[in-house]
Amino acid sequence: MADVEEVEVVVAHQERATLRVGDVFLKIDADRTRADVEVEAMAMAPIPTPEVLWRKPPVLALAALPGTALGRLGEPSTASSAAWAAAGAAARTLHDAPPPPWPGRSLDEVASRLDGECAWLVANGVLPADVVTRNRRVAEAALRPWTPVFTHGDLQVTHVFADGDEITGVIDWSEAGPGDALFDLATLTLGHEERLGDVVAGYGTDVDLDVIRAWWSLRSLRAVRWLIEHGFDPWPEVAVLNSRL
């Protein structure tokens with residue numbers, strides 16, 4: 001790292017920041033518990049994860065993964081169908097592993113937060129009431145009992161790295177825990193509906209596509225306020241919500 005000439009800010013807001021220094025990522029997180037979860041989840045996960053180089057709270061140093069992210073929300077993915085299928089297979093391997101010992105979010109917690117976010121979006125005029133109402137109705141299909149599995153919890157497309165047709169690793173495990181397998185699949189394919197077939201093929205078992213679509217609406221409804229309050233543009237999530245009309 002002594003020869004590095006610049007530092008790249010990957011993401012930064014008041015809760016955490018990630019910097020790239022050469023081939024090392026430095027994650028700075030004000031929440032020690034969140035960092036503890038990330039390190040423990042990576043150690044337990046049966047799929048490739050970044051190597052932990054060192055940890056001196058609040059800083060965690062991780063080695064860069066080979067390859068590039070599978071895509072970005074709001075942009076077409078150039079990754080191959082085989083790479084997307086491999087991502088589905090990796091998700092299945094993770095979901096088949098024993099869940100972590102810490103508690104996940106309950107169905108009641110998910111439903112309560114969804115109601116709060118929908119009320120905020122309408123009360124503040126962030127989205128038209130009909131868009132919120134329609135997506136809230138679609139989201140109902142996700143609010144059903146599920147068998148908890150080992151979920152990544154934030155398996156968005158930028159967190160999955162591929163080299164050619166192979167998955168080289170998955171990053172950002174701070175939201176990992178017992179949860180709904182279909183939430184991971186929905187997060188991975190959010191904004192990339194045309195890739196859902198590849199992911200499901202790689203996953204290798206029947207899934208309820210209506211529930212995945214429900215999670216697209218639910219996740220997007222929950223995300224808009226957080227993105228605005230943390231200085232990010234929520235237009236990709238808003239586009240997903242508008243597409244449900």
Side-chain angles (χ1 to χ4, degrees), residues 34 37 41 73 87-88 91-92 94-157 159 172-193 195-197 199-200 203-230 234-245:
R34 194 161 48 209
V37 166
L73 181 58
R92 178 64 184 276
L94 178 66
H95 296 162
D96 284 345
W102 54 86
R105 292 184 180 88
S106 70
L107 179 58
D108 288 343
E109 287 175 313
V110 173
S112 176
R113 182 180 168 194
L114 174 62
D115 288 341
E117 295 301 321
C118 289
W120 184 89
L121 291 169
V122 174
N124 290 275
V126 176
L127 291 172
D130 63 330
V131 173
V132 175
T133 299
R134 168 59 179 161
N135 280 276
R136 177 64 178 81
R137 191 176 301 122
V138 171
E140 282 290 336
L143 300 177
R144 85 283 177 232
W146 58 74
T147 300
V149 300
F150 191 161
T151 59
H152 179 275
D154 192 20
L155 196 64
Q156 55 183 290
V157 68
H159 292 164
D172 284 2
W173 291 80
S174 61
E175 302 297 324
D180 182 10
L182 298 190
F183 176 71
D184 269 356
L185 299 186
T187 302
L188 177 62
T189 55
L190 183 71
H192 294 277
E193 187 168 358
R195 302 291 194 162
L196 180 57
V199 170
V200 171
Y203 196 70
T205 189
D206 290 337
V207 300
D208 190 328
L209 299 182
D210 287 338
V211 173
I212 289 180
R213 295 185 180 101
W215 276 120
W216 287 341
S217 289
L218 199 157
R219 180 182 171 92
S220 297
L221 287 167
R222 290 192 319 194
V224 172
R225 173 160 55 162
W226 187 94
L227 291 166
I228 292 172
E229 292 180 345
H230 289 77
W235 76 263
E237 283 77 7
V238 172
V240 170
L241 294 171
N242 285 329
S243 72
R244 299 298 99 193
L245 296 179

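All of these numbers come straight from a predicted model, not from anything done at the bench.
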Are V199 and L188 close enough, and set up right, to give a side chain to side chain contact (heavy atoms under 4.5 Å, CB included), and what steps lead you there?
CA-CA 9 Å; V199 170; L188 177 62; 3.9 Å; yes

Is it true that [X] and [Y] make a salt bridge, defined as a side-chain N closer than 4.0 Å to a carboxylate O?
| X | Y | value |
| --- | --- | --- |
| D208 | R213 | no |
| E117 | R222 | no |
| R136 | E140 | yes |

To the nearest 0.5 angstrom, please state how far the NE2 atom of H95 sits from the CZ atom of F150.
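Answer rounded to 0.5 Å: 9.5 Å.
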
Which distance, rounded to the nearest 0.5 Å, do you find between the CZ of F183 and the CG of L218?
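Reported to 0.5 Å precision, the distance equals 8.0 Å.
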
I need the minimum non-hydrogen distance between [X] and [Y], along with the two atoms involved.
| X | Y | result |
| --- | --- | --- |
| I228 | P234 | CG1-CG, 3.8 Å |
| W102 | V37 | CZ2-CG1, 3.8 Å |
| R134 | R244 | NE-O, 3.3 Å |
| R105 | W146 | O-CZ2, 3.8 Å |
| L107 | P145 | CD2-N, 4.1 Å |
| A142 | A214 | N-CB, 3.5 Å |

Do [X] and [Y] make a side-chain contact, defined as non-hydrogen atoms from C-beta onward lying under 4.5 Å apart?
| X | Y | result |
| --- | --- | --- |
| L73 | Q156 | no |
| L143 | L114 | yes |
| H192 | V157 | yes |
| P103 | P178 | no |
| T187 | R219 | yes |
| D96 | L94 | no |
| L155 | H159 | no |
| E237 | L221 | no |

For the pair R113 and D108, evaluate salt bridge (charged side-chain N to carboxylate O under 4.0 Å, His left out) and give the outcome as yes or no after the intermediate values.
CA-CA 9 Å; R113 182 180 168 194; D108 288 343; over 6 Å; no

Should the heavy atoms of other residues, nucleotides or ligands under 6.0 Å from CG of N124 be counted, would the total exceed 12?
yes

Could you go through V211 and R144, starting from their C-alpha distance and side-chain angles, then the distance that decides it, and tell me whether this counts as side chain to side chain contact (heavy atoms under 4.5 Å, CB included)?
CA-CA 9 Å; V211 173; R144 85 283 177 232; 3.7 Å; yes

Just do the side chain to side chain contact (heavy atoms under 4.5 Å, CB included) check on W215 and L190 with the steps written out, would you?
CA-CA 9 Å; W215 276 120; L190 183 71; over 6 Å; no

Is [X] reaching over with its side chain to a backbone N or O of [Y], donor-acceptor style, under 3.5 angstrom?
| X | Y | result |
| --- | --- | --- |
| D184 | G153 | yes |
| N135 | L241 | yes |
| T133 | D130 | no |
| W120 | D115 | no |

D180 and V149: CA distance, side-chain angles, deciding distance, side chain to side chain contact (heavy atoms under 4.5 Å, CB included) verdict:
CA-CA 6 Å; D180 182 10; V149 300; over 6 Å; no

Any chance you could lay out the side-chain hydrogen bond (donor to acceptor under 3.5 Å, both in side chains) test for W216 and T189, step after step, and finish with the verdict?
CA-CA 8 Å; W216 287 341; T189 55; 3.2 Å; yes

